[in-house]
Q: 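Attaching a single structure in structure tokens format; questions to follow.
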Amino acid sequence: MKKLYKTNDVNERIDNLLYRFRSRMMSYPPGMCPLALVKSLFQISMNQSCGKCVPCRDGLVQVERLLEDILAGRGTVETLSEMEKKCRRIAATADCAVGVVSANLVLDSLVEFADEYESHIKDKKCVGDASQTIPCVTLCPAHVDVPGYIACIKNERYTDAVSVIREKNPFPTSCSMICEHPCEKKCRRLLIDDAINIRALKKFAVESARDEAISEKADVISTGKQIAVIGGGPSGMTAAYFCALMGHAVTVFDEHEKLGGMLRYGIPEYRLPKEDLNRDIDFILNSGDITVHTSTRVGRDISFEEIKEKFDAVYIGLGAQIGNRMPVDGADAKNVIPAADFLQMVARGEAPDVKGKHVVLIGGGNVAMDAARTIARLQAETIHVFTRKRDDITALETEVTAAMQEGVRFRTLLSFLNIETDSETGEVSAVWLQPEIIAEYDKNGMMTTEHSEKYPYRFTCDLLILGVGQRADVAEFEKSSVPVDRGRIIADEMCRVKGMDGVFAGGDCVSGPSTAIRAIAAGQVAAVNIDEYLGYHHKPAKRVEIPQATPNPCVPTGRLEIEERDPFERRKDFSFVEVEMTKEEAMREAGRCLRCDYYGCGVMEGGRGDE
């Protein structure tokens with residue numbers, strides 16, 4: 001019988017299978033045993049071996065057995081030592097990269113997960129409880145009930161959806177526009193097609209509930225306790241919100257004219273319209289007994305000692321609003337501006353005139369991207385972003401893409417050397433850049449570079465923006481004996497300031513510059529621990545009943561993406577860039593949720609799951 005040939009060979013079919021499988025690696029669920037993951041990856045590496053050399057053919061098999069013994073609780077210290085020796089021998093003698101990479105995978109894990117190996121050998125178990133958790137809830141720093149509010153959206157209960165979010169996060173409107181959505185990172189929908197667009201659904205919910213009335217003060221019993229919150233940004237206002245819901249009287253001190261911190265003064269209008277930010281802040285202020293003192297700077301208008309003496313507890317949530325400068329000559333020239341300072345100038349209506357000018361921006365974070373896209377809207381002639389390596393562009397990929405669409409030009413493999421100033425005006429006239437070449441990766445898997453043989457070159461500019469990080473203004477607090485290390489207040493994971501009874505701190509002034517949702521999470525944690533410190537144990541009642549779940553047919557479906565205005569149109573103004581989602585789109589996207597609070601990941605707090 002004549003053999004029939006298919007149009008695509010076996011390699012193409014393998015590639016198709018691998019392409020479909022790729023997202024499963026990214027959706028490895030939180031809470032699982034890391035050594036089980038190491039074993040899985042090791043076995044994949046073993047399958048790539050051709051089996052010609054002894055280190056791969058025999059050595060990898062022996063290492064797999066030793067690793068299995070450790071996972072099964074049969075391992076000893078000698079087992080671990082033997083496994084390490086074999087891996088080092090394989091890495092040194094294998095003929096090809098398969099053996100080397102496989103052995104190094106295990107060797108790296110011995111360092112990265114040393115505590116796990118020790119626990120499996122001594123206690124015959126993982127360090128923590130190795131059980132799957134709901135990925136979107138676990139990875140949201142504030143642990144918002146994501147499946148719950150998506151279920152409400154699917155049932156067209158938009159106000160309830162917003163209420164579910166506010167149980168953990170009082171900034172649903174703001175976060176629906178600017179959150180980095182870490183909740184999507186390991187969405188189990190990745191097992192089928194692509195992660196659910198959780199931020200888009202949150203945005204649809206707040207837009208659909210836009211006309212809801214601002215709630216009156218919550219019906220809570222006053223405790224008579226007085227709490228001071230220093231800083232009116234996302235962390236401070238979150239702490240104030242939850243403390244007020246628990247019945248404590250809260251007084252907020254903020255140095256700015258209006259509340260919001262970096263949400264107001266650091267995020268441009270085109271990403272977060274301030275009228276929408278005001279909706280969140282108004283809701284917070286109406287949630288309980290909250291008094292606000294704006295334009296009040298601690299250390300100038302009131303001392304920290306006075307606050308500490310007057311109030312029963314204090315929360316410091318300053319944020320990190322001061323832009324860093326580089327330690328080079330010319331960094332203090334008037335046309336050199338830190339990115340954070342530049343964005344605050346624009347927010348206050350004090351934007352410099354950059355029309356027709358050539359602007360250089362050093363740095364690749366989210367603040368740098370906000371500055372670059374703002375400069376484009378101020379009609380600069382050119383905007384060039386320079387970074388040492390591609391890894392230095394840490395901004396969201398969507399932000400980088402949007403910046404490129406709006407005319408921002410990116411150059412990597414260039415390290416910053418120094419600033420050249422005009423001898424007459426003292427203003428920056430150029431920057432000097434050193435070409436780099438790619439070198440080895442470091443222990444964290446990040447690319448390193450080294451100087452190229454090419455000579456440094458001069459790049460002229462009229463304005464230099466430094467997107468090289470921010471810091472908190474902690475000088476006055478340090479004078480008041482608040483412990484500070486390298487510009488950060490020292491506080492533990494419960495937000496308690498070291499050595500100061502009744503003083504708590506969190507957010508960027510403790511962690512360094514981070515995201516809004518992490519600042520919100522810190523404020524939430526601080527509020528709970530302040531409540532405990534004051535002798536209470538309040539548990540906010542859940543106000544919304546979550547709809548029952550039904551099994552999802554798991555049919556592969558495309559992910560919904562939020563549309564944006566045309567780049568050539570949106571770069572002309574500061575109007576909001578995103579286009580509203582339609583109800584049809586929202587229902588389709590909400591219907592993709594697998595309801596992991598019921599299926600596949602255990603039980604939600606409050607009883608949902610295997611009831």
Side-chain angles (χ1 to χ4, degrees), residues 136 140 144 146 149-150 153-154 158 161-162 165 169 171-185 187 194-212 234 260 262-281 343 346-347 365-378 395-408 515-517 520 558-590 592-593:
C136 53
C140 171
V144 172
V146 177
Y149 78 72
I150 290 179
I153 293 171
K154 186 178 178 182
Y158 309 124
V162 175
I165 297 168
N169 174 6
F171 286 93
T173 306
S174 302
C175 283
S176 75
M177 298 178 181
I178 56 93
C179 185
E180 292 189 312
H181 44 83
C183 51
E184 298 178 16
K185 186 177 180 181
C187 175
D194 203 350
I196 293 170
N197 196 328
I198 297 172
R199 184 180 74 83
L201 287 173
K202 183 189 300 179
K203 183 169 174 285
F204 177 78
V206 298
E207 287 171 348
S208 300
R210 189 180 295 274
D211 296 328
E212 67 173 317
M262 290 300 281
L263 292 178
R264 183 178 301 279
Y265 295 101
I267 298 179
E269 185 81 12
Y270 66 84
R271 287 188 62 207
L272 176 57
K274 299 309 171 277
E275 64 180 55
D276 290 305
L277 171 61
N278 291 339
R279 290 174 59 207
D280 286 337
I281 291 175
L343 291 171
V346 175
N366 283 319
V367 173
M369 289 307 101
D370 285 341
R373 297 180 68 187
T374 297
I375 291 166
R377 284 160 174 77
L378 295 175
L396 286 174
E397 185 177 347
T398 52
E399 287 296 304
V400 176
T401 300
M404 290 179 176
Q405 291 172 342
E406 293 166 4
V408 178
T515 60
I517 189 61
I520 289 166
R559 167 187 162 101
L560 171 85
E561 298 294 351
I562 299 179
E563 296 292 327
E564 293 192 347
R565 297 162 56 210
D566 183 273
F568 294 99
E569 174 189 337
R570 67 183 188 237
R571 67 168 285 163
K572 295 178 182 178
D573 56 47
F574 281 85
S575 299
F576 189 55
V577 296
E578 293 182 346
V579 177
E580 289 191 4
M581 183 192 305
T582 66
K583 180 179 177 181
E584 180 185 20
E585 291 172 330
M587 293 302 106
R588 181 75 57 86
E589 191 67 7
R592 296 177 64 230
C593 182

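Along the sequence shown, residues carry numbers from 1.
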Q: Could you measure the distance from the CG atom of L272 to the CG atom of L263? Nearest 0.5 Å is fine.
A: 6.5 Å
Q: Please give me the minimum heavy-atom distance between F576 and P273, naming the atom from each residue.
A: CD1-CD, 3.7 Å
Q: What's the separation between atom CG in L201 and atom CD1 in I196, rounded to the nearest 0.5 Å?
A: 7.5 Å
Q: Is there a donor-acceptor pair closer than 3.5 Å between any side-chain N or O of E269 and the backbone N or O of K274?
A: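 Yes; at least one donor-acceptor contact below 3.5 Å.
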Q: Indicate the atoms forming the closest heavy-atom contact of P268 with T374, along with that distance.
A: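 Nearest pair, atom of P268 first, then T374: CG-OG1, 3.5 Å.
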Q: So which heavy atom on I153 is nearest to which on A205, and how close?
A: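 In terms of heavy atoms, the two residues are closest at CD1-CB, 3.8 Å.
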Q: Please report the closest heavy-atom contact between L560 and E589, naming both atoms and the distance.
A: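 It is N-OE1, 3.1 Å.
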Q: Does R570 reach the main-chain N or O of V577 with its side chain, forming a donor-acceptor pair under 3.5 Å?
A: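 The answer is no, because no donor-acceptor pair under 3.5 Å joins these two groups.
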Q: Out of curiosity, L277 CG to R279 CZ, how far, rounded to the nearest 0.5 Å?
A: 11.0 Å
Q: Would you say the side chain of D194 lies within less than 4.5 Å of the side chain of R592, judging by non-hydrogen atoms?
A: yes
Q: Would the distance check show the side chain of Q405 and the main-chain N or O of P567 forming a donor-acceptor pair, the cut-off being under 3.5 Å?
A: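 The answer is no, because no donor-acceptor pair under 3.5 Å joins these two groups.
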Q: Are E207 and S176 side-chain neighbours, meaning at least one heavy-atom pair lies under 4.5 Å?
A: no
Q: Mind checking the NZ-CD1 spacing from K203 to I198? Nearest 0.5 Å is all I need.
A: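 With rounding to 0.5 Å, NZ (K203) is 16.0 Å from CD1 (I198).
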Q: Is any side-chain heavy atom of E184 less than 4.5 Å from a side-chain heavy atom of R559?
A: yes
Q: With rounding to the nearest 0.5 Å, note down the distance linking CD1 in I375 to CD in E406.
A: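 Reported value, rounded in 0.5 Å steps: 12.0 Å.
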Q: So do T515 and C179 actually touch side chain to side chain, heavy atoms under 4.5 Å?
A: no
Q: Of the non-hydrogen atoms in G260 and P234, which two are nearest, and what is the gap between them?
A: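 Residues G260 and P234, closest heavy atoms: O-CD, 3.8 Å.
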Q: Side chains of C175 and K202, heavy atoms from C-beta outward: is any pair under 4.5 Å?
A: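 Yes. Closest side-chain heavy atoms under 4.5 Å.
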Q: Check the angle between the aromatic planes of F574 and Y270 and answer parallel, tilted or perpendicular using the 30° and 60° thresholds.
A: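 Taking Y270 first and then F574, their aromatic rings sit tilted (interplane angle of 30° to 60°).
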Q: With a 4.0 Å cut-off, would you call R588 and E585 a salt bridge?
A: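 Result for this pair is no, no salt bridge flagged.
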Q: For residues 395-404, tabulate all N or O donor-acceptor pairs below 3.5 Å that involve a side-chain atom, not counting sequence neighbours.
A:
| residue | atom | partner | partner atom | Å |
| --- | --- | --- | --- | --- |
| E399 | OE1 | R373 | NH1 | 3.0 |
| E399 | OE2 | R373 | NH1 | 3.4 |
| T401 | OG1 | E397 | O | 3.0 |

Q: Is there side-chain contact between F204 and I562, with at least one heavy-atom pair below 4.5 Å?
A: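 Counting from C-beta outward, F204 and I562 never come under 4.5 Å.
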Q: Identify, with sequence neighbours excluded, every residue that meets side-chain hydrogen bond (donor to acceptor under 3.5 Å, both in side chains) alongside E580.
A: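 Residues passing side-chain hydrogen bond (donor to acceptor under 3.5 Å, both in side chains) with E580: none at all.
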Q: More than 12 non-hydrogen atoms from neighbouring residues, nucleotides or ligands closer than 6.0 Å to CD on E569, yes or no?
A: yes
Q: Does a side-chain heavy-atom distance below 4.5 Å link N197 with H181?
A: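 Heavy-atom side-chain distance check fails, nothing below 4.5 Å.
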Q: Is there a side-chain contact between R264 and I281 (heavy atoms, below 4.5 Å)?
A: yes
Q: Do side-chain atoms of R377 reach the backbone of D573 as a donor and acceptor pair under 3.5 angstrom?
A: yes
Q: Is it true that a side-chain atom of R271 and a backbone atom of D370 form a donor plus acceptor pair closer than 3.5 Å?
A: no
Q: Please name the pair of heavy atoms, one in A195 and one in C187, separated by the smallest distance, quoted to 0.1 Å.
A: CB-CB, 3.7 Å
Q: Check the surroundings of atom NZ in K185: do more than 12 heavy atoms from other residues, nucleotides or ligands lie under 6.0 Å from it?
A: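 No, because the 6.0 Å sphere around NZ of K185 holds 12 heavy atoms or fewer from other groups.
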Q: Going by atom types alone, do D280 and T173 pair a side-chain donor with an acceptor below 3.5 Å?
A: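 Yes, a side-chain donor-acceptor pair sits under 3.5 Å.
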Q: Just verifying a value: how many Å separate R571 CZ and D566 CG, rounded to the nearest 0.5 Å?
A: 11.5 Å
